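Heads up, the thing below is written out as structure tokens.
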Amino acid sequence: MSKTINEHKIHTHEALVLFSPLVHGEEVKNQDRAIWYGSQQVACVCDGVTSSPCSEQAAELSAVCSPALFKGPIRERLHMVCDLLLSRRQEYLAKSHTEAPDDTSPVMQKLLNEIIQEKKQVAFQTTLVAAQFSRDQDDTRVHLVKCGDSAFIAFSPDGELLATTLTDSIASKPQPRSGSSCYTQGVSFVPGTQILVRIEGDLADHAPMARKAGIKKRHLSNWLVSSFVEHCPDQHDLTHTHVISSPSLALRQGDILLIPKYLYGTELSGDEQQHYRCLTYSTAIRSPGNAMSCKRFESFSQNGSATKVLPDHGHNDEFESIIDTYPADTHFILCSDGFHGGFVNWSQMFRWLNRNRSSLLNNVDIPEILTGLHQNLSEHGGDDDISMIWIYPHRTPQSENNNVF
Amino acid sequence: MSYEQKISRTKPGLIVLVLDDSGSMSDKLAGTSDQRYKWVERYFNIILNLLLSRSTEVKGDGSVIKPRYYVYVITYGTQPQVWAKGEMDIETAVKNFTQAGGSFKLGGRLGGTNAQQALTEAYNYLQKAVKDSKFSDSFPPMVFHLTDGESHTDASGIAQKIMQLSTSDGNALMVNAYIGTKTALNYQSPDDFPGYVDVSEAGRSQDNIRLFNMSSTVPDTIETNLKTEGIFPQLRPGGRLFFDVRTKEMLKHVIQVIGSMGSRMAR
């Protein structure tokens, strides 16, 4: 009896790393670092802060240490990386004798020396976005750690945006943590907690809601409409308790939530007409009650004037740590703002990925692709180092034959 | 989309300062014992140093100043005068400023208040500057006009012409700061300053109304920067770059508007 050669389970992820420093004349910026650790299934992108001396070293050190972040309690591990950066800063302050050039006037020398001393106090700063990927039965489990404006994106093979840290949606906006306490505005649904929802039906039967939530017609069948019933107070994953700021949803009883069908949760019994599920928090859950957040879900929000950075903000616990579950065929992007800054919204980015997929995977025309990215970025706000890691399920003969992601 | 560009060496920011140096600038600023022009120079010292700091990178054992900002300074009374060498990069500007004792040589010595001619000087310079490859793709230039008295001439027309000039990233911005005027807006300090959205909030003074109408609408980028940097945290969207200066604290924050240009340069 012949074997079916196309039945291959997806066991691990592969990744494509794209990196291009900003070059201006003879000057090369080169402050981004992007590393994929295939054997440990860890991806990390770090972006050194331009105004911080030795930031490229900070990015290098943080990226190299990234697999260690997932080998213990995340807060301790991140603090360790921050301590390393702070130690390097202290050494730099102690040994470095940077001074203003002698050919300036004494007044200017004094002024420049003050500026230099001020800048050295914030040496070794970098952003960080790191993720570890693992199999969770038939799904992909992702542990994401993030500090700063480097980004994480999860999407389905046909381009449906499942989660992103780039938008204005409530789910991506850090809120002060409060555990399971009830506000006058409702309950806070945060990473590591669970809620009870009642399933109201398929999103395909609620077209106006789908439009409000910004979900495309071809993806409607992937979603369920549910209503919030109550918080599950005993279910709280301590992994997330150390994070000061984390994404959250504020819910009142009856609030409508859109849930991707792959978030099965635990189906509980109800009467014949009603189905209940117990759901763990996921960044993929949407709240169409906040029309603004849903409208902007696919639009990349404009960065403010400052980003959080290691070691300073990381040491103050101002980072995000989220464990989430996605379908096994989900793709992921980790990138610096030099990559995502060239795109206005997800649709634009996905079109670019789709258009260049074959070239990127086959290492063809890479210099031209990178030149195009730099030009694009320059038009959108100013050129920068560009780094991106595209993590995808291990390619199988089936997926190759079907020419899908 | 406009007003997206970051300030960088390849796309530097351009600031044109148009500073009233009429006799009344030697009056004391309300609530202080120093003349208005002294406070103006004191706070310009801070913003110029900030722009220099943003342009300075520490590399190894040395530092390098990358010209990310350029300034062109016009002082005026009855007639405008161009300060120092005209257009200067920020390092040269700070050198000239510090060597002059932290001063633009203001003193309330230039007689009357002819805003129209001063802004015409600004327009004539900017008209060429926006076509220069150095600035043509930069964040649009900012004309920062600071006055403390009713102008003897109507600068509305020339201000509109300035606001029609543009780089590839948008139209030039016209900021008007009026020291000592009274308006209908209720606020206590920069912390609760809501901004002027409707002309009625500028009050009944024809001069206020004229300056309000001469001011650009605040772009989203600048609004974000002013709020997140704590300069005007309560600023309402859709307001104008028109500011009344009632106190020295307000003067300090208004002058910091200059530093809000640019979709943020690398942090």
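First the proteins, then the strands, lettered A, B, ... as listed; each starts at 1. Everything numeric here is computed off the predicted structure, so don't read it as measured data.
- For NZ of Lys252(B), the number of neighbouring non-hydrogen atoms (other residues, nucleotides, ligands) closer than 6.0 Å is 12 at most.
- Taking OG1 of Thr50(A) as the reference point, atom CZ of Arg54(B) lies at 13.5 Å (rounded to 0.5 Å).
- What you find for Asp337(A) and Lys6(B) is that their closest heavy atoms are OD2-NZ, 4.1 Å.
- Contact annotation: the side chain of Leu111(A) approaches that of Val94(B) to within less than 4.5 Å [non-hydrogen atoms, C-beta and beyond].
- Both the backbone and the side chain of Leu52(B) come within less than 4.5 Å of a heavy atom of chain A.
- Residue Lys248(B) places its NZ atom among 12 or fewer non-hydrogen atoms of other residues, nucleotides or ligands, all under 6.0 Å distant.
- To the nearest 0.5 angstrom, His24(A) atom NE2 is 8.0 Å from Ser8(B) atom OG.
- Although no hydrogens or angles enter the test, the distance criterion places no donor-acceptor pair under 3.5 Å between the side chain of Lys120(A) and the main chain of Val58(B).
- With a 4.5 Å cut-off on side-chain heavy atoms, Val107(A) and Gln99(B) do not count as touching.
- Other residues, nucleotides and ligands place no more than 12 heavy atoms under 6.0 Å from the NZ atom of Lys105(B).
- If you measure heavy-atom distances from Glu379(A) to chain B, the contacts under 4.5 Å come from the backbone alone.
- Chosen from Lys227(B), Arg9(B), Glu57(B), Lys11(B), the residue pairing most often with chain A at heavy-atom distances under 4.5 Å is Arg9(B).
- Taking both residues in full, the closest heavy atoms of Glu118(A) and Ser53(B) are given as OE2-OG, 4.5 Å, listed atom of the first, atom of the second, then distance.
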